[in-house]
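Since the structure comes first, as structure tokens, the remarks are kept for the end.
Because the structure is a prediction, the values reported are computed rather than measured.
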Amino acid sequence: MKQFIIGISGITNGGKTTLANRLLKLLPNCSLICQDDYFKPDSDIETDENGFKQYDIIEALDMETMIKAVHSWIKLSQDVLAMEEKKEMCSTCEEKAYFLIVEGFLLYHYKPLENVLNRKYFLSIPYEESKQRRSRRIYNPPDPPGYFDGHVWPMFLKHKKEMEETHSDIVYLDGTKSEDEIQSLVYSDIISSFSIHK
């Protein structure tokens, strides 16, 4: 069995979730873990000197629980194939592949997660596009006035700079391209990369 874990990260409203859900339907035996499901309770989120809740930092996320979910998927997919082999249910087990997509805005700033990712993607869109898309979405709690310019965008630039300085294995994607074009590019790259890892 081959396991292949894909990271999809990037700017807020850059198309991460859309791409992840599209790939989920395309790739065989595929599962999805979303970083947004691992935010700590609002009462645990720090507030900066401007009164902005610090949601866009790694400390706002329960990464230990998230990485446990990833390791649980790894073990489960191994156990499933082992059971199939034991029951002689799988005549092509050596060729069978299990894919996991991990999607979120801060995937590449947590070493235990980075270490299990086979392929890393990062979606970017320009400032104006990101701000406009975010303004059309409903958040709970809602963004306070000035939150995008005062916290979201500065934190994105900070994290992106850190990422670029420490990683050389990330595939950068233009989030302004069509959903079909991005999907096609990433799907082809995954299949090609998976073949190399086999």
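With rounding to the nearest 0.5 angstrom, the CD1 atom of Ile125 is 13.0 Å from the NZ atom of Lys131. Distance check: Ile74 CD1 to Leu100 CG gives 7.5 Å after rounding to the nearest 0.5 Å. Put simply, CD1 on Ile57 and CE on Met155 are 6.0 Å apart, with the number rounded to the nearest 0.5 Å. Here Ile67 contributes atom CD1 and Tyr38 contributes atom OH; the two are 10.0 Å apart, rounded to the nearest 0.5 Å. A distance of 4.5 Å separates CE in Met63 from CD1 in Ile58, rounded to the nearest 0.5 Å. Interatomic distance, Asp48 CG to Gln54 CD, rounded to the nearest 0.5 Å: 4.0 Å.
When every heavy atom of Thr176 is checked against every heavy atom of Asp174, the shortest pair comes out as OG1-OD1, 2.6 Å. What you find for Gly10 and Lys16 is that their closest heavy atoms are N-CD, 3.3 Å.
Distance alone, capped at 3.5 Å, places no donor-acceptor pair between the Glu179 side chain and the Leu19 backbone. Ser130 places no side-chain N or O within donor-acceptor distance of the main-chain N or O of Pro126, the cut-off being under 3.5 Å. A donor-acceptor distance shorter than 3.5 angstrom exists from the side chain of Gln35 to the backbone of Phe105, with no hydrogens or angles considered. Here the side chain of Ser193 pairs no donor or acceptor atom with the backbone of Ile190 at under 3.5 angstrom. In terms of modelled atom types and a separation under 3.5 Å, the side chain of Asn115 and the main chain of Lys111 share a donor-acceptor contact. Within the 3.5 Å criterion, the main-chain N or O of Ile6 finds no donor-acceptor partner in the side chain of Arg119. At distances below 3.5 Å, at least one donor-acceptor pair connects side-chain atoms of Ser9 with backbone N or O atoms of Gly104. With hydrogens and angles disregarded, a donor-acceptor distance shorter than 3.5 Å links the side chain of Asn21 to the backbone of Thr17. Remark: the backbone N or O of Asp56 is paired with a side-chain donor or acceptor of His159 at under 3.5 angstrom. Within the 3.5 Å criterion, the main-chain N or O of Phe52 finds no donor-acceptor partner in the side chain of Asn50.
The side chain to side chain contact (heavy atoms under 4.5 Å, CB included) check on Ser168 picks up nothing, with sequence neighbours excluded. Listed by chain and residue number, Arg134 satisfy the side-chain hydrogen bond (donor to acceptor under 3.5 Å, both in side chains) test with Thr12 (two or more places apart in sequence, or in another chain). Under the side-chain hydrogen bond (donor to acceptor under 3.5 Å, both in side chains) criterion, Asp36 pairs with no residue at all, not counting sequence neighbours. For Lys68, there are no side chain to side chain contact (heavy atoms under 4.5 Å, CB included) partners two or more places apart in sequence or in a different chain. Residues that satisfy the side-chain hydrogen bond (donor to acceptor under 3.5 Å, both in side chains) test with Asp42, not counting sequence neighbours, are Tyr55. Considering only residues two or more places apart in sequence or on other chains, Lys75 meets the side-chain hydrogen bond (donor to acceptor under 3.5 Å, both in side chains) condition with Asp79.
For Tyr127 and Phe148, the ring centers sit closer than 6.0 Å to each other. Ring to ring, Tyr172 and Tyr121 are not that close: their centroids are 6.0 angstrom or more apart.
Residues Met66 and Leu107 meet the side-chain proximity criterion, which asks for heavy atoms closer than 4.5 Å. Side-chain atoms of His71 and Val116, non-hydrogen and from C-beta on, do get closer than 4.5 Å to each other. You'll find the side chain of Ile8 stays beyond 4.5 Å of the side chain of Val102, heavy atoms only. Taking the side chain as every heavy atom from C-beta outward, Asp180 and Arg22 approach each other to under 4.5 Å. Between Phe156 and Pro154 the shortest side-chain heavy-atom distance does not fall below 4.5 Å. Val171 has its side chain within reach of Leu173: a pair of non-hydrogen atoms, C-beta onward, lies under 4.5 Å apart. The shortest distance between side-chain heavy atoms of Trp153 and Ile11 falls below 4.5 Å. No side-chain heavy atom of Ile5 sits under 4.5 Å from any side-chain heavy atom of Phe99.
Placement of Tyr139 and Val152 in two distinct hydrophobic clusters is found when ILVMFWY residues are connected by side-chain heavy-atom separations under 4.5 Å, directly or transitively.
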Glu103 vs Ile33, side-chain contact (heavy atoms from CB on, under 4.5 Å): CA-CA, chis, key distance, verdict: CA-CA 6 Å; Glu103 178 265 323; Ile33 292 175; over 6 Å; no

From CA spacing to verdict: side-chain hydrogen bond (donor to acceptor under 3.5 Å, both in side chains), His167, Glu114: CA-CA 10 Å; His167 294 76; Glu114 291 175 48; 2.6 Å; yes

Audit row: Tyr108, Lys120, side-chain contact (heavy atoms from CB on, under 4.5 Å) steps and yes/no: CA-CA 8 Å; Tyr108 312 137; Lys120 303 171 186 174; 3.5 Å; yes

Check against side-chain contact (heavy atoms from CB on, under 4.5 Å), Arg137 and Asn13: CA-CA 9 Å; Arg137 287 186 61 180; Asn13 295 284; 2.4 Å; yes

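Within a 6.0 Å sphere centred on CD of Glu46, other residues, nucleotides and ligands contribute 12 heavy atoms or fewer.
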